[in-house]
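Quick notes on the structure that follows.
In this text the structure is predicted, and so the values were computed from the model without any measurement.
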Amino acid sequence: MVEGSHPMVSKPLLRVLNGARADRPPTWLMRQAGRYLPEYRALRAEKGGFLALATDPVAATEVTLQPIRRFGFDGAILFSDILMVPWALGQELTFGAGEGPRLAPALVDAALTALTREPARLDPVYATVRGVAESLPAETTFLGFAGSPWTVATYMVAGQGSRDQEVTRRFAYADPAAFGAIVDAIVAMTIDYLARQIENGVEAVQIFDSWAGSLSPEQFERWVIAPNRAIVDGVRAHCPGVPIIGFPKGAGGKLAAYAAGTAVDALGLDETVDPHWADAVLPPELPVQGNLDPLALLTGGAALDAGINRVLAAFPERPHVFNLGHGIGQHTPIPHVEHLLQRVRG
């Protein structure tokens with residue numbers, strides 16, 4: 001994008017996602033609106049639970065804005081959850097204390113056709129988007145998001161998260177037609193979901209594939225690359241020119257194939273990826289995002305400084321967004337975040 005050709009070029013993060021290199025990489029952190037902030041914990045306690053918080057547009061707007069007020073990040077990420085899509089597809093969603101999210105009925109035991117779709121369940125998210133868009137500083141880029149079909153399907157099939165996704169992986173091998181129908185339903189809902197986020201004020205979107213690393217190369221091609229390419233193409237058909245970030249956590253040596261196959265505009269790197277290796281193997285014009293280890297941020301001190309130095313040194317000529325390799329931990333000290341930003345901003 002030519003500088004000055006777009007009204008949003010004053011937004012540092014948006015410029016980098018569009019391919020411009022910055023001397024100081026713009027910064028935001030995955031899960032930056034979350035439990036490490038005392039103001040978030042207070043509001044969540046007041047609302048009584050995650051789903052009540054995420055479906056209250058006034059409260060969700062406030063949560064999205066909290067880290068922007070405190071730290072001045074270059075990007076604000078919509079406060080919501082990747083499981084809003086299966087909720088809209090008709091599964092019931094609950095968040096039990098200490099046990100993580102649950103979806104019912106689990107599709108390993110029930111048919112997709114038994115679900116009654118309720119897309120209106122997503123309306124509070126769009127109201128939140130409008131509220132945030134009206135309140136952000138002019139220089140801050142507004143990021144929306146959704147889960148990738150593979151990761152979302154692992155929850156829909158098993159009814160909950162797991163370490164190795166064995167239930168869903170076996171389901172995909174045993175009945176690829178049935179699993180493909182689930183993935184297709186997620187793709188269609190996600191295209192509409194992201195497009196409507198954009199129509200209501202989001203300026204870029206990220207597709208989270210938290211469990212991409214659990215698949216063999218053939219399964220990765222089928223259940224990660226192909227469905228994400230369908231989402232990218234679908235969102236671009238509705239909203240051309242809006243940057244799309246792909247984040248296939250655990251993809252490792254399959255990152256180059258993911259970037260080429262999905263045609264995302266920017267690629268998120270998790271903390272297990274050597275950033276120097278990524279810079280060498282990825283297309284030189286492709287913006288990348290990441291990839292400080294969240295545990296280095298939690299630890300602070302010399303570990304944090306060494307991690308920051310390594311990431312900053314890895315991309316001397318490439319468009320780069322500074323971020324973590326995954327979400328910020330809930331016990332991360334706020335002074336460590338402040339120190340990170342001081343270092344990155346020079």
Does [X] share a hydrophobic cluster with [Y], counting links as ILVMFWY side-chain heavy atoms below 4.5 Å and allowing steps through other members?
X	Y	value
V129	L14	no
L78	L324	yes
L292	L298	no
L295	V273	no
I82	V264	yes

One thing to verify: whether [Y] and [X] come together as a salt bridge, which I'm taking to mean a side-chain N less than 4.0 angstrom from a carboxylate O.
X	Y	result
E39	R70	yes
R170	E166	yes
D274	R310	yes

Next item on the list: Please state whether the rings of Y36 and F71 are parallel, tilted or perpendicular, taking 30° and 60° as the class boundaries.
Entry: parallel

Checklist line | Flag side-chain contact, heavy atom, 4.5 Å: P319 against E285 | finding: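 No; the side chains remain at least 4.5 Å from each other.
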
Check: Any luck finding a side-chain donor-acceptor pair between D279 and H320 under 3.5 Å?
Finding: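 There is no such pair between these side chains.
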
Measure centre to centre between the rings of [X] and [Y], then say whether the value is under 6.0 Å.
X	Y	value
W150	F220	no
Y193	F145	no
F179	Y173	no

Item checked: Test side-chain hydrogen bond (donor to acceptor under 3.5 Å, both in side chains) applied to T151 - qualifying residues, sequence neighbours left out ->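 By the side-chain hydrogen bond (donor to acceptor under 3.5 Å, both in side chains) rule, T151 matches D209.
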
Margin query: Please enumerate all residues that pass side-chain hydrogen bond (donor to acceptor under 3.5 Å, both in side chains) together with R102, with sequence neighbours excluded.
Written below: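 By the side-chain hydrogen bond (donor to acceptor under 3.5 Å, both in side chains) rule, R102 matches Q160.
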
Notebook entry, point to check: Hey, is CZ on R41 packed in by over 12 heavy atoms from elsewhere, all under 6.0 Å?
Noted result: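 Counting other residues, nucleotides and ligands, CZ of R41 exceeds 12 neighbours.
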
Next item on the list: Work out which heavy atom in A158 is nearest to a heavy atom in T168; give both atom names and the distance.
Entry: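 For A158 versus T168, the nearest heavy atoms are N-OG1, 4.1 Å.
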
